[in-house]
Amino acid sequence: MSSTGLADKGRTRRVPPIVWALPPVVVLATAFLYPLALVVQQSFSPDEGGTSLSPYGEVFASQSFRDALSTTVWLAVGSTAGCLVLGFALALVIAFVPFPGGKAVARFIDVFLSFPSFLITLALLFMYGTVGMANGLWTDVTGADSGPFHFLTTPWGVLLAEITFFTPFVMRPLLAAFSGLDTAQLEVASSLGARPARIVRQVILPEALPALAAGGSLVLVMSLNEFGIVLFTGAKDVTTLPMLVYGKAILESDYPAACVVAVVNIAISVGLYSLYRIVSRRVGA
């Protein structure tokens, strides 16, 4: 058989690319796209039957939805701002202030990223909960019936827990950016008499802006969808969009309303995630 015939035979036996792409597409559609389509469909299906926009109108007109939306936004923005400030300060110390165990701390940041959010909240409850160590120490010393630390069940407690948990997600890209910073620039600025604050403002901060943008965008997306922290703090007066979905679906069995809130939450999350991807590509993070 000629070489031309063998080549033709090999081409006829080649598996089309669509065959290789089909299995992952089927798995993705079954595990994710189909349930998502059911949620969207249910959001247009009122209890009285048929297809209507009335569930959206009822949810958007409710005070509980507007309160949950505003609470979600301000918690997400507040957490992001706190993580940016705290993460930048801690990353500066780890990267530029020599101290024993600095490399171990930097490696621990990577391990911390794998921790579940409820674990951090549980640790804060042990420290500052109603029967936590801080309140226990206070009652032992003063003889009072209860301690003064009850902020974990307030929005400020949720904000503290989210900042504590999400700060390493800002520190990680910052430490990577600082590792590539030319130390000669810092030495030149120092030799010219620049104070540390000026070096940080004029030399380090411009180099850190891309990492801050990428890390801040990621924290904004994750804090917008955080459920475990709000649940584990026991903050009954703090209702975010994920908590509202839980309440409507599990506690009230109002599935159309729950699906409407879920669709809104998904739309906001996808929009913010798209922004995060755009920022990441532009800054190379």
Side-chain angles (χ1 to χ4, degrees), residues 35-36 38-48 52-86 116-118 120-122 124-125 128-130 149-167 169 216-276:
L36 180 60
L38 290 179
V39 170
V40 176
Q41 180 186 18
Q42 185 67 40
S43 69
F44 291 98
S45 303
D47 292 331
E48 57 270 16
S52 173
L53 288 173
S54 60
Y56 283 86
E58 293 174 1
V59 169
F60 290 168
S62 66
Q63 186 64 40
S64 60
F65 171 77
R66 293 195 294 268
D67 291 342
L69 180 60
S70 61
T71 300
T72 302
V73 170
W74 89 257
L75 278 176
V77 173
S79 298
T80 303
C83 290
L84 289 174
V85 174
L86 182 61
S117 60
F118 72 84
I120 305 302
T121 309
L122 190 61
L124 290 175
L125 286 173
Y128 303 108
T130 304
F149 304 104
H150 303 286
F151 61 89
L152 279 182
T153 58
T154 68
W156 299 108
V158 176
L159 187 64
L160 172 64
E162 291 191 352
I163 292 175
T164 303
F165 178 69
F166 290 124
T167 293
F169 289 87
S217 300
L218 181 59
V219 169
L220 185 62
V221 173
M222 293 190 299
S223 58
L224 183 76
N225 297 289
E226 182 55 44
F227 175 77
I229 288 178
V230 183
L231 184 65
F232 269 77
T233 54
K236 297 180 180 180
D237 296 331
V238 179
T239 302
T240 59
L241 290 180
M243 288 295 295
L244 186 61
V245 173
Y246 173 81
K248 292 291 185 182
I250 306 302
L251 303 180
E252 302 178 20
S253 297
D254 188 353
Y255 295 108
C259 290
V260 169
V261 179
V263 169
V264 173
N265 205 159
I266 291 170
I268 297 175
S269 301
V270 171
L272 290 177
Y273 180 74
S274 301
L275 176 63
Y276 162 71

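Quick caveat, the model's predicted, so the values are computed rather than measured.
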Visitor: How many angstroms lie between atom CZ of Phe232 and atom CG of Leu125, to the nearest 0.5 angstrom?
Guide: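 So the gap between those two atoms works out to 9.0 Å.
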Visitor: For the side chain of Ser45 and the backbone of Gln41, is there at least one donor-acceptor N/O pair under 3.5 Å apart?
Guide: yes
Visitor: List for me each residue that meets side chain to side chain contact (heavy atoms under 4.5 Å, CB included) alongside Tyr246, sequence neighbours excluded, and say none if there are none.
Guide: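 Applying side chain to side chain contact (heavy atoms under 4.5 Å, CB included) to Tyr246 gives Phe227, Ile250, Leu251.
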Visitor: How long is the span from the CD1 atom in Ile229 to the CG atom in Leu231, to the nearest 0.5 Å?
Guide: 11.0 Å
Visitor: Is any side-chain heavy atom of Pro242 closer than 4.5 Å to one of Asn265?
Guide: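 Side chain of Asn265 against side chain of Pro242, heavy atoms only: contact under 4.5 Å found.
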Visitor: Show the nearest heavy-atom pair for residues Cys83 and Val219, with the distance to one decimal.
Guide: SG-CG1, 4.1 Å
Visitor: Nearest 0.5 Å, what's the OG1-CG distance between Thr167 and Leu86?
Guide: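 Output value for this atom pair is 4.5 Å.
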Visitor: If you round to the nearest 0.5 Å, how far is CZ of Arg66 from OG of Ser70?
Guide: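 If we round to the nearest 0.5 Å, Ser70:OG and Arg66:CZ are 9.5 Å apart.
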Visitor: Please set out all donor-acceptor pairs under 3.5 angstrom arising from side-chain atoms of residues 159-166, sequence neighbours excluded.
Guide:
unit_1 : atom_1 : unit_2 : atom_2 : d
Glu162 : OE1    : Ser79  : OG     : 2.6
Thr164 : OG1    : Leu160 : O      : 2.8

Visitor: Minimum heavy-atom separation for Ala262 to Val39, with atom names?
Guide: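 So the minimum-distance heavy-atom pair works out to CB-CG1, 4.2 Å.
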Visitor: Tabulate below the donor-acceptor pairs under 3.5 Å that side-chain atoms of residues 55-62 make, not counting sequence neighbours, or state none.
Guide:
unit_1 : atom_1 : unit_2 : atom_2 : d
Tyr56  : OH     : Ser43  : OG     : 2.8
Ser62  : OG     : Val59  : O      : 2.6
Ser62  : OG     : Phe65  : N      : 3.4

Visitor: Which atom pair, heavy atoms only, marks the closest approach of Ser269 to Val221?
Guide: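 Scanning both residues, the minimum pair turns out to be O-CG1, 4.5 Å.
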Visitor: Can you tell me which residue pairs pass the salt bridge (charged side-chain N to carboxylate O under 4.0 Å, His left out) test with a partner in residues 238-251, sequence neighbours excluded?
Guide: Lys248-Glu252
Visitor: Using side chain to side chain donor-acceptor pair (under 3.5 Å) as the criterion, list what pairs up with Asp254, not counting sequence neighbours.
Guide: none
Visitor: Return the minimal non-hydrogen interatomic distance between Thr80 and Ser223, and the atom names on each side.
Guide: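 The pair with the smallest heavy-atom distance is OG1-OG, 4.2 Å.
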Visitor: Output all residues satisfying side chain to side chain contact (heavy atoms under 4.5 Å, CB included) with Ile268, sequence neighbours left out; order by chain, then residue number.
Guide: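 Once residues adjacent in sequence are excluded, the partners of Ile268 under the side chain to side chain contact (heavy atoms under 4.5 Å, CB included) criterion are Leu69, Leu224, Leu241, Val264, Leu272.
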Visitor: Under the side chain to side chain donor-acceptor pair (under 3.5 Å) test, which residues partner Glu226, sequence neighbours left out?
Guide: Ser117
Visitor: Only one of Val261, Asn225, Val40, Leu36 forms a side-chain contact (heavy atoms from CB on, under 4.5 Å) with Ile266, so which one is it?
Guide: Leu36
Visitor: Test of understanding: with side chain to side chain contact (heavy atoms under 4.5 Å, CB included), list the residues that count as partners of Ala249, not counting sequence neighbours.
Guide: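 Partners of Ala249 by the side chain to side chain contact (heavy atoms under 4.5 Å, CB included) criterion, ordered by chain and then number, come out as Tyr255, Ala258.
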Visitor: What residues, two or more places apart in sequence or in another chain, satisfy side chain to side chain contact (heavy atoms under 4.5 Å, CB included) together with Thr71?
Guide: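 Partners of Thr71 under the side chain to side chain contact (heavy atoms under 4.5 Å, CB included) test: Trp74, Leu75, Val238, Thr240.
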Visitor: Nearest 0.5 Å, please: how far is OH in Tyr128 from CZ in Phe149?
Guide: 7.5 Å
Visitor: With sequence neighbours left out, what residues match Ser54 under side chain to side chain donor-acceptor pair (under 3.5 Å)?
Guide: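 Expected list: Ser52.
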